[in-house]
Amino acid sequence: MDPAFQELHVESANHFIDLVWFAKEKLHMELDKFAILACAIWQRRNSLRVNHEGESPDKVHCRAMDLLQEFHQANIRPSPLPTIPITPVRGSPPPNGIFKVNFDGAIFADQNTAGLGIIICNH
């Protein structure tokens, strides 16, 4: 198993952004690698949640690296594209007294269950 994956596996973080920071700044992990690992771990979590057999952590890592390699191969550009300046876009917190709500949900009809995730920000 990739040593960075093992170190990331044991890192304790209070927020997902802390984990992203740890992966990028401390492990010097490329964000595309972190994203595909996070996705693969989340898929394993969902399989276990609905009582399906989950892959072992080693298999999760191998599958994620295979998908990352496939992604990189599919996105090879034969010639460089002209560079266009990019202006960073930043979100802004809601005004005082206002809450910002983001949510997502899923329905598992075959099991008659549903899941919902909500994030509420006030600053």
Side-chain angles (χ1 to χ4, degrees):
M1 182 184 298
D2 185 338
F5 184 66
Q6 288 178 326
E7 195 169 342
L8 185 60
H9 178 71
V10 298
E11 176 61 17
S12 171
N14 292 327
H15 303 283
F16 185 73
I17 193 68
D18 296 334
L19 217 51
V20 174
W21 178 87
F22 181 81
K24 177 138 178 60
E25 298 299 323
K26 295 293 185 182
L27 301 180
H28 307 291
M29 184 183 292
E30 294 295 323
L31 289 180
D32 57 351
K33 182 176 181 179
F34 177 82
I36 197 73
L37 283 169
C39 182
I41 291 167
W42 191 255
Q43 288 174 340
R44 179 180 188 268
R45 175 242 179 234
N46 284 342
S47 287
L48 294 172
R49 185 189 157 288
V50 295
N51 299 321
H52 292 166
E53 186 174 323
E55 299 172 317
S56 71
D58 286 336
K59 185 150 178 133
V60 169
H61 180 261
C62 288
R63 183 171 54 84
M65 294 304 96
D66 289 345
L67 289 170
L68 183 60
Q69 182 178 6
E70 181 182 333
F71 172 79
H72 284 165
Q73 288 174 346
N75 288 283
I76 294 174
R77 294 201 169 115
S79 61
L81 298 173
T83 58
I84 301 170
I86 298 174
T87 306
V89 176
R90 292 183 179 248
S92 59
N96 282 338
I98 303 293
F99 292 90
K100 182 178 180 180
V101 178
N102 291 317
F103 63 91
D104 192 13
I107 296 174
F108 305 97
D110 58 330
Q111 297 176 350
N112 201 27
T113 61
L116 178 65
I118 301 172
I119 298 174
I120 302 173
C121 299
N122 65 347
H123 56 79

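Residue indices begin at 1 and follow the sequence shown.
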Under 3.5 Å, sequence neighbours excluded: what are the donor-acceptor pairs made by side chains of residues 37-44?
| residue | atom | partner | partner atom | Å |
| --- | --- | --- | --- | --- |
| Q43 | OE1 | R63 | NH1 | 2.9 |
| R44 | NE | E55 | O | 2.3 |
| R44 | NH2 | E55 | O | 3.4 |

Is there a path of hydrophobic side-chain contacts, each under 4.5 Å between heavy atoms of I/L/V/M/F/W/Y residues, joining L67 to M65?
yes

Do any pairs count as a side chain to side chain donor-acceptor pair (under 3.5 Å) and have a residue in residues 64-76, sequence neighbours left out, and if so which ones?
D32-H72

Partner set under side-chain contact (heavy atoms from CB on, under 4.5 Å) for I84, not counting sequence neighbours:
none

Using the test side-chain contact (heavy atoms from CB on, under 4.5 Å), find all partners of V20 that sit at least two apart in sequence or belong to another chain.
F16, I17, L31, F34

Do R49 and R45 pass the side-chain contact (heavy atoms from CB on, under 4.5 Å) test, and can you show the C-alpha distance, the side-chain angles, and the key distance before you say yes or no?
CA-CA 6 Å; R49 185 189 157 288; R45 175 242 179 234; 3.3 Å; yes

Counting heavy atoms not belonging to D110, are there more than 12 under 6.0 Å from its CG?
yes

Taking atom CD of E53 as the centre, does the number of heavy atoms from other residues, nucleotides or ligands within less than 6.0 Å exceed 12?
no

Hydrophobic cluster of I120, others only, ordered by chain and residue number, side-chain cut-off 4.5 Å:
F99, V101, F103, L116, I118

Residues clustered with F108, ILVMFWY side-chain links under 4.5 angstrom:
V50

